[in-house]
Amino acid sequence: MTPMVKAEQVCKSFGALRVLKGITLEIGRGEVLCMVGPSGSGKSTFLRCINHLEQVNAGRLYVDGELIGYRERGGKLHEMSPRDAAKQRRDIGMVFQHFNLFPHRTALENVIEAPIHVAGTKKDAAIARGKDLLEQVGLTEKAGAYPAQLSGGQQQRVAIARALAMNPKLMLFDEPTSALDPELVGEVLEVMKKLATEGMTMVVVTHEMGFAREVANHLVFMDDGVVVESGNPRDVLSNPQHERTKAFLSKVL
């Protein structure tokens, strides 16, 4: 079967700074991959390359068998137009560290915005689906609330519902709980666990090792732009093979 995500020697630099130095990995359909590692190791940059928010400098990234951000002609890559790249992005949901909700729209309005204005969904259908998604993330009673009236955990759950509203085939989570108060982390992780059990393919950059151990199919430890170690989450977390992995986990576990 075609993997949902396939990265081949992906490199990314910002000027002279090499952030990704040849990332190669695969994520099967319905699998959850957790990426862990110190700040600045390239995890979030790799995530942003998957949906072409960042352009790769070398290598190739495929989602569901389709080359992301580029067309290949005669063995050469040509960057897609912003419009075509945006079309690809519709199939890839992304949840950021800092919610990024529209402050002047209610929770329901945030969820239905893209389906109506990007996907052309009829308003009545979008509202029905939006209410269903808010119910799925446990926020039925907050449909009419504005972001400022919600806790951080509630805002992040709205952000997840908003990403799901476009019916993505893949969900990317960039440290979705790191901006939350500790007591609010659990409610967001519960929603993510539910998504995993329903078969959503997910790539999660996280510091939540308990979530990685319990939910992920694969764990990747990154440092300095390379994959240092990868494997079954329980194996990597309980018995890391690489000294750099051991040093990192000794500080976070």
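Residues: numbered from 1 along the sequence shown. We use all heavy atoms of the structure for the numbers below, so side chains are in, but hydrogens, waters and symmetry mates are not.
A distance-only check finds no donor-acceptor pair linking the side chain of Thr2 to the backbone of Asp64 [under 3.5 Å]. A distance-only check finds no donor-acceptor pair linking the side chain of Glu229 to the backbone of Thr245 [under 3.5 Å]. Counting only distance, with no hydrogens or angles, the side chain of Arg89 and the backbone of Asn51 share a donor-acceptor pair below 3.5 Å. Of the possible donor and acceptor atoms, one in the side chain of Asn232 sits under 3.5 Å from a partner among the backbone N and O of Arg234. Judged purely by atom type and a 3.5 angstrom limit, Asp174 has no side-chain atom pairing as donor or acceptor with the backbone of Ser44. No donor-acceptor distance shorter than 3.5 angstrom exists from the side chain of Glu175 to the backbone of Val204, with no hydrogens or angles considered. Between the side chain of Gln88 and the backbone N or O of Gly69, at least one donor-acceptor pair lies under 3.5 Å.
For residues 132-148, the set of pairs meeting the salt bridge (charged side-chain N to carboxylate O under 4.0 Å, His left out) definition, not counting sequence neighbours, is empty.
For the pair Lys251 and Phe248, the NZ or CZ position fails the cation-pi test of under 6.0 Å to the six-membered ring centre and within 45 degrees of the ring normal.
Counting heavy atoms from C-beta outward, Val5 and Leu33 have side chains that stay 4.5 Å or more apart. Using a 4.5 Å cut-off on side-chain heavy atoms (C-beta onward), Val252 and His207 make no contact. Between Val36 and Leu237 the shortest side-chain heavy-atom distance does not fall below 4.5 Å. At least one side-chain heavy atom of Leu77 sits under 4.5 Å from a side-chain heavy atom of Leu67. By the 4.5 Å heavy-atom criterion applied to side chains, Thr121 and Arg129 are not counted as neighbours. By the 4.5 Å heavy-atom criterion applied to side chains, Asn110 and Phe99 are not counted as neighbours. Contact of the Val205 side chain with the Phe46 side chain is not registered, since no non-hydrogen atoms from C-beta on lie closer than 4.5 Å. The closest side-chain heavy-atom distance from Arg48 to Thr45 is not below 4.5 Å.
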Return a table of donor-acceptor pairs under 3.5 angstrom between the side chains of residues 185-193 and protein atoms on other chains or two or more places apart.
residue	atom	partner	partner atom	Å
Glu187	OE2	Gln154	N	3.3
Glu187	OE2	Arg157	NE	3.4
Glu187	OE2	Arg157	NH2	3.0
Glu190	OE2	Lys193	NZ	3.3
Lys193	NZ	Glu214	OE1	3.3

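Between Asp223 and the choices Lys43, Arg244, Lys246, the salt bridge (charged side-chain N to carboxylate O under 4.0 Å, His left out) rule is met once, by Arg244. The side chain to side chain contact (heavy atoms under 4.5 Å, CB included) test with Arg162 singles out one residue from Asn100, Leu133, Val137, and that residue is Asn100.
Put simply, CZ on Phe173 and CE on Met202 are 4.0 Å apart, with the number rounded to the nearest 0.5 Å. Remark: Ser151 OG to Leu180 CG distance equals 8.0 Å, nearest 0.5 Å. Residue Met209 holds its CE atom at 9.0 Å from SG of Cys34, rounded to the nearest 0.5 Å. A distance of 10.0 Å separates CE in Met80 from NZ in Lys87, rounded to the nearest 0.5 Å. Rounding to the nearest 0.5 Å places NZ of Lys6 at 9.5 Å from OG1 of Thr24. The CD1 atom of Ile160 lies 11.0 Å from the CE atom of Met200; values are rounded to the nearest 0.5 Å.
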Before you tell me yes or no, could you show the steps for Ile50 and Ile68 under side chain to side chain contact (heavy atoms under 4.5 Å, CB included), namely the whole-Å CA-CA distance, both residues' side-chain angles and the distance that decides it to 0.1 Å? CA-CA 7 Å; Ile50 293 176; Ile68 291 296; 5.9 Å; no

Between Glu79 and His52, does a side chain to side chain donor-acceptor pair (under 3.5 Å) hold up when you go through it step by step? CA-CA 10 Å; Glu79 191 174 1; His52 204 59; 3.2 Å; yes

Using side chain to side chain donor-acceptor pair (under 3.5 Å), reason through Ser178 and Gln97 one step at a time and then give a plain yes or no. CA-CA 7 Å; Ser178 64; Gln97 187 174 345; 3.0 Å; yes

Could you please spell out the steps behind the side chain to side chain contact (heavy atoms under 4.5 Å, CB included) verdict for Met94 and Ile92? CA-CA 7 Å; Met94 186 153 186; Ile92 305 171; 5.8 Å; no

Before you tell me yes or no, could you show the steps for Lys12 and Val56 under side chain to side chain contact (heavy atoms under 4.5 Å, CB included), namely the whole-Å CA-CA distance, both residues' side-chain angles and the distance that decides it to 0.1 Å? CA-CA 5 Å; Lys12 174 65 183 175; Val56 302; 5.6 Å; no

What verdict does the side chain to side chain contact (heavy atoms under 4.5 Å, CB included) test give for Val158 and Gln155, after you've listed the backbone C-alpha separation in whole Å, the side-chain angles of each residue and the deciding distance to 0.1 Å? CA-CA 5 Å; Val158 173; Gln155 289 186 60; 5.6 Å; no

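Taking all atoms of both residues into account, the shortest heavy-atom contact from Gly130 to Leu108 is C-CD1, 3.7 Å. A pairwise comparison of heavy atoms in Pro115 and Ala126 identifies CB-CB, 4.4 Å as the closest pair. Contact record, Ala165 with Val111: CB-O, 3.4 Å, taken as the closest heavy-atom pair. The minimum heavy-atom distance linking Ala247 with Ser250 is given by the pair O-OG, 2.7 Å. Contact record, Leu219 with Ala212: CD1-CB, 3.9 Å, taken as the closest heavy-atom pair. Nearest heavy-atom pair, Val203 versus Ile27, reported as atom, atom and distance to 0.1 Å: CG2-CD1, 3.4 Å.
Ion pair Asp224/Lys21 flagged as a salt bridge, since at least one NZ, NE, NH1 or NH2 atom sits closer than 4.0 Å to an Asp/Glu carboxylate oxygen.
Shown here is Lys131, whose NZ atom has no more than 12 heavy atoms of other residues, nucleotides or ligands within 6.0 Å.
Under a hydrophobic clustering in which Ile, Leu, Val, Met, Phe, Trp and Tyr are joined whenever their side-chain heavy atoms come within less than 4.5 Å, directly or via other members, Val236 and Leu253 fall into the same cluster. Ile116 and Met166 end up in different hydrophobic clusters when Ile, Leu, Val, Met, Phe, Trp and Tyr side chains are linked at under 4.5 Å. Residues Leu150 and Leu164 are members of one and the same hydrophobic cluster, defined by side-chain heavy-atom contacts under 4.5 angstrom among Ile, Leu, Val, Met, Phe, Trp and Tyr. Under the 4.5 Å side-chain heavy-atom criterion for ILVMFWY residues, no single connected hydrophobic cluster contains both Met35 and Leu249. Linking ILVMFWY residues whenever their side-chain heavy atoms come closer than 4.5 Å, directly or via other members, leaves Val220 and Val228 in distinct clusters.
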